[in-house]
Student: 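First the structure, then my questions, so here it is.
Keep in mind that the numbers below use all heavy atoms, side chains included, and drop hydrogens, waters and symmetry copies.
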Amino acid sequence: MPTDTLAPRPSRRLGLAEMFGLTPLSERLPQLAMVFRGDPYTPPSRFDRTSLRALMPGLSLRTWAGQRRPDRLIPLYNLFNHTPTPVEDGWSVRVTQVRDFRGGTQTYDSHNGTDFAVPVGTVVTAAAPGVVLRVSNEFHRGGLKVLIDHGHGVVTTSNHLGRALVRPGDRVARGQPVALSGASGVDMVAAFPWNTPHVHYNTWLNGEPVDPFAVVGATPAEAALWRDGNAPRTWTGPPDADFPDSDWDPDGVDAAIAACRDPALRATLSAHPELAVRATAVMFHRNYFPTRFSARPPLYRSVHPRAPLLTLPFSAADFDGLAPLS
């Protein structure tokens with residue numbers, strides 16, 4: 001069985017507060033309130049009876065119990081939605097217009113990532129070499145998360161984490177542990193135990209959310225961002241740490257900051273002295289809180305094509321690949 005060669009295996013034990021990302025309460029309670037009330041620049045989240053369609057109770061209870069498939073494959077939970085509702089209407093956990101990369105309906109309205117169903121305490125790794133540019137906990141948008149810039153116009157974030165094992169500025173190799181999975185975030189807490197423990201994985205290309213899976217039957221044919229096509233695997237090779245610096249466009253970043261409608265956030269974004277940190281902060285807020293921006297100018301000097309770059313963001317000591325979709 002493959003073993004980690006990049007770093008010692010971290011302890012997987014998480015306390016309840018760490019697992020759900022509940023502290024500090026002074027920050028979490030206002031974030032919780034914003035889910036239901038919104039703010040001057042963000043509509044409240046939308047959910048109704050159709051939201052129950054996105055849940056998989058059987059998978060959820062097995063995963064909360066720490067069970068893994070004996071074939072070392074990871075079940076997929078909700079997939080990237082290719083027909084999202086308008087962002088101006090607010091974040092929607094309803095199931096009203098959905099289509100995943102296969103043409104199926106395993107997703108919900110505003111879902112712009114891929115959910116890997118894994119037990120709490122699972123080691124999360126870097127899917128490609130890169131630099132960590134953000135570690136933050138937004139209880140109302142995915143809980144604790146780690147953001148990695150991989151170059152090639154690709155940035156990834158792992159959400160609903162329990163513990164980060166890296167800090168901003170760390171350079172990471174492919175397959176290096178970066179976090180332990182958890183269940184942080186309001187949606188995990190509110191729907192416990194029916195919401196399956198999972199890592200919500202965002203892939204951004206050229207600053208925009210994209211599906212790392214290739215759309216089946218797309219014309220012209222589309223490239224997957226996974227190195228193994230639509231059947232990605234965990235990394236079992238030697239340490240892979242080389243990646244190019246991102247070609248950020250300082251004028252585009254400044255224009256994006258100027259398009260921020262929230263004066264306090266605009267000042268915060270402008271205050272970052274380093275271009276890479278400023279650019280990824282803009283990208284982060286623009287993708288998690290899109291209604292706070294009136295325009296989306298490009299953040300890169302060039303447009304990067306879809307290309308196979310990523311491996312599964314989990315340890316080869318735990319998993320081999322993905323379970324077949326139903």
Side-chain angles (χ1 to χ4, degrees), residues 21 27-28 30-47 78 80-81 84-94 107-115 124 132-149 153-161 164 168 179 182-190 198-212 253 256-257 259-272 276-299:
E27 294 180 9
R28 301 296 167 255
Q31 292 173 343
L32 175 62
M34 206 193 89
V35 171
F36 302 99
R37 296 202 304 253
D39 66 22
Y41 309 100
T42 312
S45 297
R46 297 181 296 155
F47 46 89
N78 285 305
F80 188 101
N81 183 22
T85 52
V87 295
E88 295 80 9
D89 294 343
W91 181 263
S92 172
V93 193
R94 302 185 301 177
T107 184
Y108 58 82
D109 290 354
S110 293
H111 199 247
N112 56 10
T114 302
D115 291 346
V124 181
V132 178
L133 289 182
R134 185 183 180 94
V135 177
S136 62
N137 192 338
E138 291 76 23
F139 193 63
H140 49 331
R141 287 291 190 275
L144 178 64
K145 54 188 72 70
V146 170
L147 181 151
I148 303 175
D149 175 16
V154 175
V155 171
T156 62
T157 67
S158 300
N159 300 251
H160 300 311
L161 302 175
S184 57
V186 63
D187 49 331
M188 296 299 303
V189 176
H198 64 275
V199 172
H200 172 92
Y201 198 72
N202 285 117
T203 306
W204 299 334
L205 178 64
N206 300 309
E208 302 296 330
V210 297
D211 192 344
V253 173
I257 293 174
C260 181
R261 300 170 56 239
D262 181 345
L265 176 58
R266 187 166 61 245
T268 298
L269 295 172
S270 300
H272 290 291
V277 176
R278 193 162 65 251
T280 51
V282 171
M283 185 187 306
F284 176 90
H285 285 280
R286 212 165 64 171
N287 286 329
Y288 281 94
F289 306 98
T291 55
R292 295 179 180 179
F293 294 82
S294 60
R296 298 176 71 91
L299 302 178

Student: For the CZ atom on Arg261, are there more than 12 heavy atoms of other groups (residues, nucleotides or ligands in this structure) within a distance under 6.0 Å?
Tutor: yes
Student: Validate the cation-pi geometry between Lys145 and Phe284: distance from NZ or CZ to the six-membered ring centre under 6.0 Å, angle to the ring axis within 45°.
Tutor: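 Not flagged: Lys145 not positioned over aromatic ring of Phe284.
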Student: How close do Arg296 and Arg286 get, counting heavy atoms only, and between which atoms?
Tutor: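 Arg296 and Arg286 have their closest heavy atoms at NH1-O, 3.0 Å.
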Student: Okay, side chain of Ser294, backbone of Ala259: is any donor-acceptor separation there less than 3.5 Å?
Tutor: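 Judged by distance alone, yes, a pair lies under 3.5 Å.
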Student: Answer yes if the side chains of Thr157 and Asn202 hold a donor-acceptor pair under 3.5 Å, and no otherwise.
Tutor: yes
Student: In sequence, state the C-alpha distance, the side-chain angles, and the governing distance for Trp91 and Asn112, and then conclude on side chain to side chain contact (heavy atoms under 4.5 Å, CB included).
Tutor: CA-CA 11 Å; Trp91 181 263; Asn112 56 10; 4.0 Å; yes
Student: Is the closest side-chain donor-acceptor distance between Thr85 and Arg94 under 3.5 Å?
Tutor: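 The answer is no; no qualifying pair exists.
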Student: When rounded to the nearest 0.5 angstrom, what distance separates CE in Met283 from CG in Leu299?
Tutor: 5.5 Å
Student: Report the residues that fulfil ring pair (Phe, Tyr, Trp, His ring centres under 6.0 Å) with Tyr201, sequence neighbours left out, ordered by chain and then residue number.
Tutor: none
Student: Does some side-chain heavy atom of Tyr41 sit less than 4.5 Å from a side-chain heavy atom of Cys260?
Tutor: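 SC-SC contact between Cys260 and Tyr41 ruled out.
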Student: Looking at every heavy atom in both Tyr108 and Ser92, which two are closest together, and how far apart are they?
Tutor: CD1-O, 3.4 Å
Student: Could you check if a side-chain atom of Glu27 sits within less than 4.5 angstrom of a side-chain atom of Phe139, using non-hydrogen atoms only?
Tutor: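 Heavy-atom side-chain distance check fails, nothing below 4.5 Å.
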Student: Looking at Asp115, Asp187, Thr114, Asn159, which hits side chain to side chain donor-acceptor pair (under 3.5 Å) with His200?
Tutor: Asp115
Student: Does the side chain of Thr203 reach to within under 4.5 Å of the side chain of Leu205, using non-hydrogen atoms?
Tutor: no
Student: Quick check against the 3.5 Å criterion: does Ser184 have a side-chain atom that pairs as donor or acceptor with the backbone of Leu161?
Tutor: yes
Student: Atom CG in Asp262, atom NE2 in His285: separation rounded to 0.5 Å?
Tutor: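 Asp262 atom CG to His285 atom NE2 measures 9.5 Å (nearest 0.5 Å).
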Student: Taking all atoms of both residues into account, what is the closest heavy-atom pair of Gly90 and Arg46, and its distance?
Tutor: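 For Gly90 versus Arg46, the nearest heavy atoms are O-NH2, 3.6 Å.
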Student: Closest heavy-atom contact between Asn137 and Gly143?
Tutor: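 Answer, listing the atom of Asn137 first, then Gly143: OD1-C, 3.2 Å.
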Student: Give, for atom CD1 of Ile148 and atom OG1 of Thr280, the distance between the pair rounded to the nearest 0.5 Å.
Tutor: 12.0 Å
Student: In the structure I gave you, are the side-chain heavy atoms of Thr156 and Val146 within less than 4.5 Å of one another anywhere?
Tutor: no
Student: Please report the C-alpha distance between Val135 and Leu144 in whole Å, then the side-chain angles of each, then the deciding distance to 0.1 Å, and finally whether the side chain to side chain contact (heavy atoms under 4.5 Å, CB included) criterion is met.
Tutor: CA-CA 7 Å; Val135 177; Leu144 178 64; 4.2 Å; yes
Student: How many angstroms lie between CZ in Arg134 and CG in Asp149, if you round to the nearest 0.5 Å?
Tutor: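 Reported to 0.5 Å precision, the distance equals 14.0 Å.
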Student: Looking only at heavy atoms, which two atoms of Asn287 and Gly207 are closest? And how far apart?
Tutor: ND2-O, 3.2 Å
Student: Can you give me the closest heavy-atom contact between Glu138 and Ser136, atom names plus distance?
Tutor: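 Closest approach of Glu138 to Ser136: OE2-OG, 2.9 Å.
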Student: Just do the side chain to side chain contact (heavy atoms under 4.5 Å, CB included) check on Arg292 and Asp39 with the steps written out, would you?
Tutor: CA-CA 10 Å; Arg292 295 179 180 179; Asp39 66 22; 3.0 Å; yes
Student: Do the rings of His140 and Phe289 sit parallel, tilted or perpendicular, given the 30° and 60° boundaries?
Tutor: tilted
Student: Just so I know, are the side chains of Arg141 and Ser45 near enough to count as touching, which here means a heavy-atom distance under 4.5 Å?
Tutor: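 They are in contact (side-chain heavy atoms under 4.5 Å apart), so the answer is yes.
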Student: Donor-acceptor check, side chain of Asn81 to backbone of Asp109, threshold 3.5 angstrom: yes or no?
Tutor: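 Present.
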Student: Step by step, work out the side chain to side chain contact (heavy atoms under 4.5 Å, CB included) result for Val87 and Phe293.
Tutor: CA-CA 11 Å; Val87 295; Phe293 294 82; over 6 Å; no
